[in-house]
There are 2 protein chains.
Amino acid sequence: MSQQRTLVGGPGQPPVGPATSAGHILQLLRSSPAGYSRADLLDITGMARSTLYERLDALFAAGLVYEATPLRSQRGRPPRALRFDDRDKLVLGIEIGHTHAGVHLLSLSRDIVASRRLPIDIGQPQEDVVSRLMEQSRQLLDGRRPVGAGVGLPAPVDPLHRLGLERTVLAHWDLQRLQDVMEASLDCPVLLENDARSMAVGEVRHPFESLVAVKVSTGVGSGIIVRGALVRGAHGAAGDIGHVRVPEAAGRLCRCGRDGCLAAMASGRALLAAPQFAAYRTLRQLVDAYDSDPDVRPAVAEAGRVLGRALAAIIGTLNPGRVAVGGLVGVLPDFLQACRRQILDDAFEPSLVDLEVVPADSRAATAVGLCRLVEESLYAPERVEQMLVQQAG
Amino acid sequence: MSQQRTLVGGPGQPPVGPATSAGHILQLLRSSPAGYSRADLLDITGMARSTLYERLDALFAAGLVYEATPLRSQRGRPPRALRFDDRDKLVLGIEIGHTHAGVHLLSLSRDIVASRRLPIDIGQPQEDVVSRLMEQSRQLLDGRRPVGAGVGLPAPVDPLHRLGLERTVLAHWDLQRLQDVMEASLDCPVLLENDARSMAVGEVRHPFESLVAVKVSTGVGSGIIVRGALVRGAHGAAGDIGHVRVPEAAGRLCRCGRDGCLAAMASGRALLAAPQFAAYRTLRQLVDAYDSDPDVRPAVAEAGRVLGRALAAIIGTLNPGRVAVGGLVGVLPDFLQACRRQILDDAFEPSLVDLEVVPADSRAATAVGLCRLVEESLYAPERVEQMLVQQAG
DNA sequence: GTATTTTTGTCTGATGGTCGATCATAATTG
DNA sequence: CAATTATGATCGACCATCAGACAAAAATAC
């Protein structure tokens, strides 16, 4: 009858809360940019003072926490804010596209420090592309060592790198080798992820939201986040919407060899291939003619409309709270407008409740997402625990 | 040098670590039908003998573990298998459809002990339907108390029961009240879930597989499991594919008030509404005429084809390893055949690698899935821990 | 200036869960 | 019978954690 819901700890009792390890305390601090005072932490975690201070000593020693300027207080000694020490820690975010790559240097707090954009040809041998990227990276780093690096790739990325990339633009790449080479070159852990999925992570605003991010540049891809969790799929191919069949594309040949694919209508490659745009050599040229060439806007709008139709199905199926559209083509106003309109037209009303269809936050959402993924991976509680053990030993 | 571990993970990846609590030991035992000997457990967990025995004492005392017949051994004293005690524990699985309900009594090991099928009208007041279900349940139980019950509903089910059911068949239901009334009536915890999602859980064979289960009877619904995790969506509406727009249904009015919905083509309700089937009053009658009425099979096949088209999009997006099709209409051979063919035609090849499109395992997959969900919920490590604390106090 | 308040810093001893080890017993095979 | 393996029941030692005491620091209120 008397329900002992509240578990009370006593002397010698093992920790009551699930989260009293140094790793979890760091996670707490990471979750709040303003940080917490020691008193806050005692209050939140319910730990004994001596225990908490021991943890903090270890975190200080490892350089994971620092003491920020004192906070304001009504009376009494002002508390000193403790924060996750993301100062002077750099992350490299490399975004690989079909024709260009972006190399971004970010702070751990996800501010972009410096960027390079360079033309590449993804069809060339992996080694050549990688060595150019590494050269740019070294220039940006200027001798500094990053804590981690992330790479966004325009193809499905299986977490175990076992996926056949056969039919994709990266058919001739070896992801395991890519990771090994980069880790050796940069002397830091390297994480590989699909580009659109990275972008989706970069678009996340609230910890448990559900969102779909779509990237439309040369190709089309999407990243899906359900209740804060990234959906990767059975073979890491989740979100690869480019080859969903849409009626509008019937009869149009896709580079995958089939016809009717979404990518054959709603992608930069498809736009470039249209006869009226034969004069444009690159997607960038075409996009730049958005205002000057009267043919561009209608074509872009039509592409957006088709994408909207396909997205409506995903929205009905997965019920996200937000759709972010990015990429060179995706951010064009007419594209987004047509896409949004078609979604509102096609999707079932209950799934449209509170649904936002918005442009992707910034051109660098992918790099920001990669930075976040790297941070999550590097400073996951278990990993922090390992780090501290190594330090001590 | 820096020790570099491969980075896997990011937001949404649950932590993995050694677990030595009683709850985790029970989970270990639950995962193996044959059970483990004490020596096995010492080996697997690496715990001290005294500690492990203490845990086992508690689990024995709570009736959660029992000692099975001795196992084989090459020499020496034969080990005694310890198993999760699922004997004499009953779970009630109630499947609510538009016109019929199935009440199933299952053992915790998911064998069906007894079943009842009864006609209901989901349009009637909730209290009336529920009281009939409870009556049937009491008859099946015959005085015994179940450890838990699960209800599969043909509508989106928000875990917090906050979702507006406005536009669904359950518009006049109150899920919180349903749960409260049933818990009081059955004197056990009650879990509510969408029917197709329950079915998906019932179809799971391997712990980390990805699959999509589709239920086609009066309505259409689906359940999505990604790497072993059920996808519920932002408002619990994930998998509600009935109102995805398909070109084939253009001009056809759906009961949701729009036109072009998948449910307006590929559902039992849509079939029944077709002019050539005006003679049939119920879906069951129509399905029973599958062999005798020459009009039925083509119509069913066409419905399957349309579903296949919609599924191809989901398959491309989520990249599951298996698609299971069930429900009164879904299991018809021509339906499945047409659906499978259309999927193979429409979906992108990489997402078809190793993809199986199969009929749902049994008519009772939903009940089996509910049973599994109830078990997972009842015997989750944290909950077991609570249970033991209460026992002790 | 003093009083008050709140945070921080540094101890202490007490508790109890976990380990590791020992010794004993049981139940098989050969 | 011996050898082997699993189980049963202890025990003391360790040590992470707790609770609490005490003092100093740094601000506000009067």
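If you measure from atom CG of A:Leu82 to atom P of C:dG9, you get 8 Å, rounded to the nearest angstrom. The nearest whole Å value for the distance from the CG atom in A:Leu56 to the C1' atom in C:dT7 is 14 Å. One atom, CD of A:Glu54, and another, P of D:dC15, lie 13 Å apart when rounded to the nearest Å. The nearest whole Å value for the distance from the CD atom in B:Glu67 to the C1' atom in C:dA27 is 13 Å. Going from atom CG of B:Leu41 over to atom P of D:dG8 covers 12 Å, rounded to whole Å. Look at CG on A:Asp43: it is 13 Å from C1' on C:dT7, rounded to the nearest Å. Put simply, CG on A:Leu42 is 14 Å from P on C:dT10, counting in whole angstrom units. Remark: C1' of C:dT18 and NE2 of B:His24 are 17 Å apart, rounded to the nearest angstrom.
Inspection of the A:Tyr379 and A:Arg383 side chains reveals no N or O donor paired with an N or O acceptor under 3.5 Å.
Out of D:dG8, C:dG20, C:dT8, the shortest distance to the side chain of B:Ala48 is found at C:dG20. In this structure, the nucleotide among D:dT28, D:dT17, C:dT10 sitting nearest to the side chain of A:Tyr53 is C:dT10.
Atom-to-atom distance recorded for A:Leu106:CG and A:Asp86:CG is 12.0 Å, nearest 0.5 angstrom. A distance of 7.5 Å separates CD of A:Glu376 from CG of A:Leu373, quoted to the nearest 0.5 Å. Here A:Ser107 contributes atom OG and A:Lys89 contributes atom NZ; the two are 11.5 Å apart, rounded to the nearest 0.5 Å.
Contacts of A:Ser50 with the nucleic acid, taken as non-hydrogen atoms under 4.0 Å apart, include base atoms. Nucleic acid contact class of A:Arg49 (heavy atoms, under 4.0 Å, all strands): base.
Within the structure, every side-chain polar atom (N or O) of B:Arg77 is placed at least 4.0 Å from both OP1 and OP2 of C:dT29. Remark: A:Thr51 is in phosphate contact with D:dC18, judged by side-chain N or O atoms under 4.0 Å from OP1 or OP2. Listed pair A:Arg38 / C:dG9 meets the phosphate criterion, a side-chain N or O lying under 4.0 Å from OP1 or OP2.
Between B:Gly76 and A:Arg80, it is B:Gly76 whose nearest contact on DNA chain D lies nearer the 5' terminus.
Taking the centre of each ring, B:Phe84 and B:Tyr66 stay at or above the 6.0 Å mark.
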